[in-house]
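To start, the structure itself, in structure tokens.
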Amino acid sequence: MNPTAQLTLARANAILEAAVAAARADGLPPVAVAVLDASGHLVAAQREDGATPLRVDIAIGKAYAAAGMGVASRVLHQRAQDNPVFFNALASSSQGRFIPQAGAVAIRAADGTLLGAVGASGGTGAQDEAICAAGVNAAGLVAA
């Protein structure tokens, strides 16, 4: 495997740091941000002081959906509205980990390889997605 096409802990931490910095710059409420690898396993997460108890679980669920389908969770949210039976089955078959709600982006290498996803919770779906994309871009990767 190409070593530049790996989601290392250092890269995951860089994504988290930049995403939280973007949240602070945008004046969002306290957030949680989670980075998962392409298999849906947690690589790293941060929960800001004052973030409500479910924020980490929601961030992971959004990222899990984005990693599982390889697209931003905003896209999945629309698809879920168009095909609710299928998306309910996805949520059920993943033991509830799959949350197709705006607020996560897939992480891709420059060559398009899916590396994982990052999800956030604390702002609106659009705000959460924006800070995730900022984190991915700051780490030199592609937000999709």
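Expressed to the nearest 0.5 Å, how far CG of Asp37 lies from CD of Gln6 amounts to 11.0 Å. Considering CG of Asn83 and CG of Leu90, their distance stands at 9.0 Å, rounded to 0.5 Å. Taking NE2 of His77 as the reference point, atom CG of Asp82 lies at 10.0 Å (rounded to 0.5 Å). Going from atom CG of Leu115 over to atom CG of Leu36 covers 12.5 Å, rounded to the nearest 0.5 Å. Atom-to-atom distance recorded for Arg47:CZ and Asp57:CG is 11.0 Å, nearest 0.5 angstrom. In this structure, CD1 in Ile60 is found 5.0 Å from CG in Leu42, a value given to the nearest 0.5 Å.
Across all their heavy atoms, Pro30 and Gly50 have their closest contact at CB-C, 3.7 Å. Nearest heavy-atom pair across Phe87 and Ala80 is CD1-CA, 3.4 Å. Shown here for Ala18 and Gly135, the closest heavy-atom pair between the two residues is CB-CA, 3.7 Å. For the residue pair Val31 and Gly122, the shortest heavy atom distance occurs at CG1-CA, 4.0 Å. Scanning all heavy atoms of the two residues, the minimum distance from Cys132 to Gly103 falls at SG-O, 3.5 Å. Shown here for Ala104 and Ala63, the closest heavy-atom pair between the two residues is CB-N, 3.8 Å.
The hydrophobic clustering, which links ILVMFWY residues whose side-chain heavy atoms are closer than 4.5 Å, places Leu141 and Val35 together. Note on Leu28: it clusters hydrophobically with Val33, by side-chain heavy-atom contacts below 4.5 Å among ILVMFWY residues. Cluster annotation: Phe86 and Val75 are assigned to the same hydrophobic cluster (Ile/Leu/Val/Met/Phe/Trp/Tyr, side-chain heavy-atom contacts under 4.5 Å, transitive). Taking hydrophobic clusters as Ile, Leu, Val, Met, Phe, Trp and Tyr residues chained together by side-chain heavy-atom distances below 4.5 Å, Ile131 shares a cluster with Val43. In the hydrophobic clustering of this structure, Val136 groups with Leu9; members are Ile, Leu, Val, Met, Phe, Trp, Tyr whose side-chain heavy atoms approach within less than 4.5 Å, directly or through other members.
Under the rule for a salt bridge (Lys or Arg N to Asp or Glu O under 4.0 Å), Arg79 has no partner lying at least two apart in sequence or in another chain. Evaluation of the side chain to side chain donor-acceptor pair (under 3.5 Å) rule for Glu17 yields no partner, not counting sequence neighbours. Not a single side chain to side chain donor-acceptor pair (under 3.5 Å) links Gln46 to another residue, sequence neighbours left out. With sequence neighbours left out, Ser94 forms a side chain to side chain donor-acceptor pair (under 3.5 Å) with no residue at all.
Screening residues 115-124 for side chain to side chain donor-acceptor pair (under 3.5 Å) gives Arg55-Ser121, Thr124-Gln127 as the qualifying pairs, with residues at least two apart or on separate chains. Here salt bridge (charged side-chain N to carboxylate O under 4.0 Å, His left out) pairs that include residues 117-139, with residues two or more places apart or in two chains, are Lys62-Asp128, Arg74-Glu129.
Side-chain atoms of Arg108 come within 3.5 Å of backbone atoms of Gly70 as a donor-acceptor pair (strictly under, hydrogens ignored). Counting only distance, with no hydrogens or angles, the side chain of Asp111 and the backbone of Thr113 share a donor-acceptor pair below 3.5 Å.
In this pair, Tyr64 and Phe98 present their aromatic rings perpendicular. The plane angle is above 60°, beyond the 30 to 60° band.
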Q: Report the C-alpha separation of Val105 and Val118 in whole Å, then their side-chain angles, then the decisive distance to 0.1 Å, and conclude whether the side-chain contact (heavy atoms from CB on, under 4.5 Å) test is met.
A: CA-CA 6 Å; Val105 296; Val118 56; 3.7 Å; yes
